[in-house]
Amino acid sequence: MALYLSDDQAMLKDTVAPFLAENAPVKHLRTLRDGKDAAGLSRDLWKQFAELGFTGILVPEADGGLGLGHVEAGIVLEEIGRNLTPSPFLTTAVAAVDALKAGGADLRAQWFPRILAGDAIIALAIDEGAKHRPASTAMAAERSGNGFKLSGKKQFVLNGHIADMLLVSARTGGSAGEEAGITLFAVPRTAVGISVDVDRLVDSSLSARVTFDGVQVDADAVVGEIDAGWGPLTRLLDAGRLGASAEMLGVGGGAMDMTFGYLKQRKQFGRLIGEFQSLQHRAAHLYGEMEGARSIVIKAQHLLDDGDPRAELFVAAAKAKTGKSCNLAVREGVQMHGGIGMTDEYDIGLYMKRDRALNEFFGDSYFHADRVARMNGY
Amino acid sequence: MSDLEAFRVETRAWLEANCPPEMREPVRDDDDACWGGRNFKFKNPAQKLWLETMAARGWTVPDWPKAYGGGGLSAEETKILRSEMAKLGCRPPLMSFGIWMLGPALLKFGTEEQKLHYLPQIARGEIRWCQGYSEPGSGSDLVSLQTFGEDKGDHWVVNGQKIWTSYADKADWIFCLVRTDKTNKYQGISFLLFDMTTPGVSTKPILLISGSSPFCETFFDNVKVPKHQIVGELNRGWDVAKYLLGHEREMISGGGLGEGLASLGAAFPDAAANEPVLRAEMAMFDVETIAFRAHSERFMDEWKTGRAHPAYSNLMKYVGTELNKKRHELVMAAGGSDALEWESARSKGGAKPRTWLRTKANSIEGGTSEVMLNVVAKRILDMPGA
């Protein structure tokens with residue numbers, strides 16, 4: 001497969017881009033933020049996503065979805081990134097959907113129709129510390145009745161306060177640091193024993209710390225196999241990491257385009273600042289970094305869609321590379337805008353904030369470079 | 001099975017049956033590679049056999065038309081051939097400026113007679129070419145070149161000097177930029193081909209910091225060049241040269257990495273295990289390498305279907321060469337004092353430090369990184385200013 005968008009994919013982009021630019025531009029984020037919106041996102045917009053078919057992109061055709069791949073999901077995510085749109089798309093329609101593909105018939109029948117209809121929001125309860133280390137899961141899932149009793153704490157659960165369901169990694173065996181012994185659970189957010197402490201993050205998104213105090217779930221809440229949740233968790237994480245990478249292409253690309261536009265209209269010392277070679281070189285370098293990120297993302301999307309065994313390595317490389325490139329784009333963006341870039345009124349700072357959050361989500365560049373090294377045998 | 005899948009299966013089987021085991025070892029250095037040409041001495045029978053077998057199939061230049069010695073493969077088939085060769089570790093059968101640079105220019109600008117005459121010879125590795133672009137006063141600023149061809153009716157008489165002519169001392173023919181009109185800076189340059197044994201041509205190697213060099217100074221003293229050996233129109237050689245430079249950049253950016261496509265940390269397990277900061281740098285470098293490999297693949301996909309911006313090769317040249325320099329800095333750091341050895345047999349004649357030093361030229365030759373960034377800023381990003 002060639003590493004550019006097919007005609008069908010280009011058509012999808014032509015649908016997604018104007019839709020998001022019109023219905024959820026950066027102003028949409030500002031309105032939610034300034035109004036201290038308790039949900040932190042628009043359920044109406046999520047409904048519209050469903051009506052346009054976006055929420056079913058990765059849902060298999062047998063389950064009523066479009067049965068498309070990560071290239072298509074990435075098209076939506078890039079535009080979400082470009083517009084800084086608050087949306088549960090990444091967690092619900094990408095990461096959760098890929099995990100639920102490993103779920104039993106009951107779980108699929110319960111959640112896929114609601115996702116397709118834009119009625120369900122799913123949050124990911126994976127991280128237990130400030131840094132993403134999924135293997136170090138310590139949260140306990142003890143056998144109880146016909147199911148399990150969950151006890152422990154999770155943090156960085158984006159949209160955890162409004163989610164209908166939480167995908168929770170917990171330990172049914174082994175000990176912290178081991179991949180074996182982890183089980184993935186689908187837990188209704190309103191289950192008895194769950195308490196949620198919500199915080200607004202630097203990028204205006206709402207994130208929860210969730211406490212599970214002996215939360216009783218049935219055996220059919222298990223996604224995949226008991227003790228072998230690392231499989232569906234890896235699918236969830238790979239989809240999420242690559243999705244976050246695609247979103248960062250949009251964040252970095254949006255910041256870059258805004259900055260290049262500014263270089264072409266801002267005058268200092270009687271000249272357009274874009275005429276200065278020092279800035280031209282930095283602009284060209286940044287462009288190269290973002291193009292490199294775009295290439296590894298589409299390559300990784302193809303490999304993940306093909307079920308290629310190299311996908312995990314390429315996804316890790318994609319998250320590490322887009323993390324670095326997007327971060328460069330927003331830092332150069334603020335710097336090249338000068339003083340105006342520091343104002344709240346101007347959008348470039350919002351891009352820097354979103355970059356910081358997306359870099360941290362699903363593991364930062366250091367985490368993924370380390371994984372690349374391990375997968376390369378050192 | 002799709003046609004392409006069938007092609008992949010057949011190609012793998014054919015390569016397995018025909019590529020000699022000696023030609024599945026990585027190329028150690030330039031001297032170890034097959035360059036072809038009238039005076040080339042094959043290192044072993046396998047090298048000769050591999051070149052002849054591939055040339056007979058047209059697979060030294062798989063995507064050229066069969067009429068010109070090529071394999072007539074589509075872009076997708078060519079990609080499959082390259083990936084299957086990479087999987088089996090097959091060496092390129094031929095290293096050739098004729099294939100990488102002159103051939104594409106001839107395909108686009110050559111007359112039918114020129115194509116039928118030169119291209120099959122290039123495909124079979126019979127003529128080794130060098131490039132006469134740079135002059136002592138004209139590096140990246142090629143339009144300032146001074147070598148002059150005086151019109152003598154049925155031929156030109158060329159006088160002047162070229163510099164940085166790679167392998168000029170080993171080449172059979174040269175493709176050369178020559179001023180044929182002194183009044184027009186841009187449209188006064190022609191693109192000429194001539195035999196290096198023509199009376200009046202002489203070469204002198206240039207010793208570099210790496211202790212050796214593929215580079216030469218090349219002098220022209222009343223060199224007679226027949227008129228039919230011009231490519232493209234008179235005084236419009238710049239069009240040919242620019243097109244060819246795009247291919248040169250593609251070659252330097254991708255080819256420069258070569259063995260560098262493998263994991264750096266895996267190649268230096270001791271350093272990776274015991275030097276945590278260096279390991280971290282190597283890990284980041286591996287990320288960049290994987291990204292660059294995907295970037296090159298995407299660029300080739302877009303380039304071959306006309307999707308890529310014409311100046312995109314400048315970007316790839318910049319990214320690839322800076323990355324290769326970084327790689328060899330890390331190779332030296334990981335190698336420690338072993339990597340400093342310059343003349344011992346153990347160090348293979350100082351291959352590591354010499355390669356490290358050689359790579360410093362990557363961001364100078366074929367246009368400096370700074371010139372590449374200028375071109376990207378102006379032509380792709382449309383930044384203001386002349």
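Order of the sequence lines fixes the chain letters, A, B, ..., with proteins taken first and strands second; residue numbering starts at 1 for each chain.
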B/Glu76, part contacting chain A, at a heavy-atom distance under 4.5 Å: side chain
Side-chain ion pair, B/Glu322 and B/Lys326, N-O less than 4.0 Å: no
Residue part contacting chain A, namely of B/Ile290, when any heavy atom lies under 4.5 Å: both
Electrostatic pair B/Glu16-B/Arg24, nearest N-O below 4.0 angstrom: no
Over 12 foreign heavy atoms within 6.0 Å of CG, B/Asn274: yes
Ring centers of B/His295, B/Tyr312 separated by less than 6.0 Å: yes
Options B/Ile380, B/Val376, B/Val375, B/Asp286, ranked by heavy-atom pairs under 4.5 Å with chain A, top entry: B/Asp286
Atom group of A/Gln277 that falls short of 4.5 Å from chain B, counting heavy atoms: side chain
Proximity breakdown for B/Leu4 and chain A, heavy-atom pairs closer than 4.5 Å: neither
Region of A/Arg374 in contact with chain B, defined by heavy-atom distances below 4.5 Å: both
Heavy-atom pair count under 4.5 Å with chain B, highest-scoring of A/His281, A/Gln280, A/Lys299: A/His281
Engaged part of B/Thr305 at the chain A interface, taking heavy atoms whose separation is under 4.5 Å: side chain
Pairing of A/Glu289 and A/Lys324 as salt bridge, 4.0 angstrom limit: no
Donor + acceptor pair across side chains of A/Gln9, A/Tyr4 (<3.5 Å): no
Region of B/Arg307 that comes under 4.5 Å of a non-hydrogen atom in chain A: side chain
Interchain contact, B/Ala273 with chain A, by part (heavy-atom threshold 4.5 Å): neither
Choice from A/Gly292, A/Gly288, A/Ala318 maximising heavy atom contacts with chain B below 4.5 Å: A/Gly292
Under 4.5 Å from a heavy atom of chain B, the part of A/Met256 involved: neither
Any B/Leu73 side-chain heavy atom under 4.5 Å of B/Phe7 side chain: yes
Selection from A/Gly274, A/Ala283, A/Ala373, A/Ala317 maximising heavy-atom pairs under 4.5 Å formed with chain B: A/Gly274
B/Phe268, part contacting chain A, at a heavy-atom distance under 4.5 Å: neither
Distance-only side-chain donor-acceptor flag, B/Thr359 / B/Asn324, under 3.5 Å: no
Side-chain (A/Lys319) to main-chain (A/Phe367) donor-acceptor, under 3.5 angstrom: no
